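Here is the naming used below: chain letters follow the sequence lines, and residue numbers restart at 1 for every chain. Predicted model, so just to flag it, every value in this text is computed and none were measured.
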There are 2 protein chains.
Amino acid sequence: MHDTTTEPTTITGAHRELLDQLLDRWSLEVLDRLCEHGALRFNGLRREIPAITQKSLTATLRRLERNGMVERVVVSDRPVAVEYRIAPVGQGLQDLIDALLQWSTRHMADVEAARERYDDAEAARE
Amino acid sequence: MHDTTTEPTTITGAHRELLDQLLDRWSLEVLDRLCEHGALRFNGLRREIPAITQKSLTATLRRLERNGMVERVVVSDRPVAVEYRIAPVGQGLQDLIDALLQWSTRHMADVEAARERYDDAEAARE
DNA sequence: CGGCATCCTACGGGATACTG
DNA sequence: CAGTATCCCGTAGGATGCCG
């Protein structure tokens, strides 16, 4: 089952459609926090990600929910309490996100250096 | 050196800045083809990725070049020939991209099913 | 062949105000 | 608390035309 086929795995339209949902402005960050905390409430997420606006958080959560990556659970009424948690499908994401973060952490300095080199060369060009 | 620390690795502004460059509309696809072919010329890439426009390809390549992920090599003049290839920094990306593609390949069906469920529930709501 | 310059539009996403 | 509803703007990116 689920053999780790090393097939060409070219990026198809289907891949794009799925990845686009994932690689937008906020999804990774939201998923990251949900992975870390297990479950979070709406305003809990806002506190975790201060930079996100309410509208964007709602949109991101709805999209993730629609794609089955996140589960929305109404915990109680009066006062209303809603919990968000990673759905089974999204489980493997934690590793993916970590891999992404670790890669970028490792190469952050290289990239910064590359940018300076590029910008300097660019500036010298004029 | 470069210990595989399993630290919290929270997404920071620096991470975002780097990942945003990577997770945009076309970078992954361009990098994917460059990984696969080793080196490609401008119009070669266009043929590999028919959906991309010339402007977007140029912008993507410049950005990747600036971040040190891709190397631009002028092979010859008359006629002008330019090769693009993965830079050392970008090497580890192949694994990352493959991981991403394999994950999305594995869960494609689940996501599709989730969407239908969500949309049906949504439609029933009215 | 490998681009650059323009124009133009869709839409992601911010700010703000209101609600069950 | 957990959203919905508007308004608005910046910009990524498509279309088109031209160039060394």
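- Nucleotide D/dG13 holds its P atom 13 Å from the CG atom of A/Asp24, rounded to whole Å.
- With sequence neighbours excluded, the residues that form a side-chain hydrogen bond (donor to acceptor under 3.5 Å, both in side chains) with B/Glu17 are A/Arg115.
- One distance of note links NE2 of B/His37 with CG of B/Leu45; it measures 9.0 Å at 0.5 Å rounding.
- Axis deviation across the helix from C/dC1-D/dG20 to C/dG20-D/dC1 amounts to 50°, comparing end segments of five pairs, rounded to 10 degrees.
- Between the B/Ser56 side chain and the B/Thr53 main chain, no donor and acceptor come within less than 3.5 Å of each other.
- In plain terms, the two heavy atoms of A/Ser27 and A/Leu22 that are nearest each other are CB-O, 3.3 Å.
- Among residues two or more places apart in sequence or in another chain, the side-chain hydrogen bond (donor to acceptor under 3.5 Å, both in side chains) test is passed with A/Arg117 by none.
- In this view, B/Arg46 and B/Phe42, B/Asn43, B/Gln54, B/Leu57 satisfy the side-chain contact (heavy atoms from CB on, under 4.5 Å) rule, not counting sequence neighbours.
- Looking at every heavy atom in both residues, B/Tyr84 comes nearest to B/Arg62 through OH-NH1, 3.4 Å.
- Taking each heavy atom of B/Pro88 and B/Glu71 in turn, the nearest pair found is CD-OE2, 3.5 Å.
- Taking a 4.0 Å limit (strictly below) on heavy-atom distances, residues 41-56 of chain B reaches DNA chain D at B/Thr53, B/Lys55, B/Ser56.
- As a whole-Å value, the separation of A/Leu57 CG from C/dT16 C1' is 17 Å.
- Shown here for A/Thr10 and B/Leu101, the closest heavy-atom pair between the two residues is C-CD1, 4.4 Å.
- Of the residues in residues 58-85 of chain A, those placing a heavy atom less than 4.0 Å from an atom of DNA chain D are A/Thr58, A/Arg62, A/Arg72, A/Val80, A/Ala81, A/Val82, A/Tyr84, in numerical order.
- To the nearest angstrom, P of D/dG10 lies 17 Å from CZ of A/Arg25.
- Here the side chains of A/Ile49 and B/Ile11 are not in contact, with every heavy-atom distance at 4.5 Å or above.
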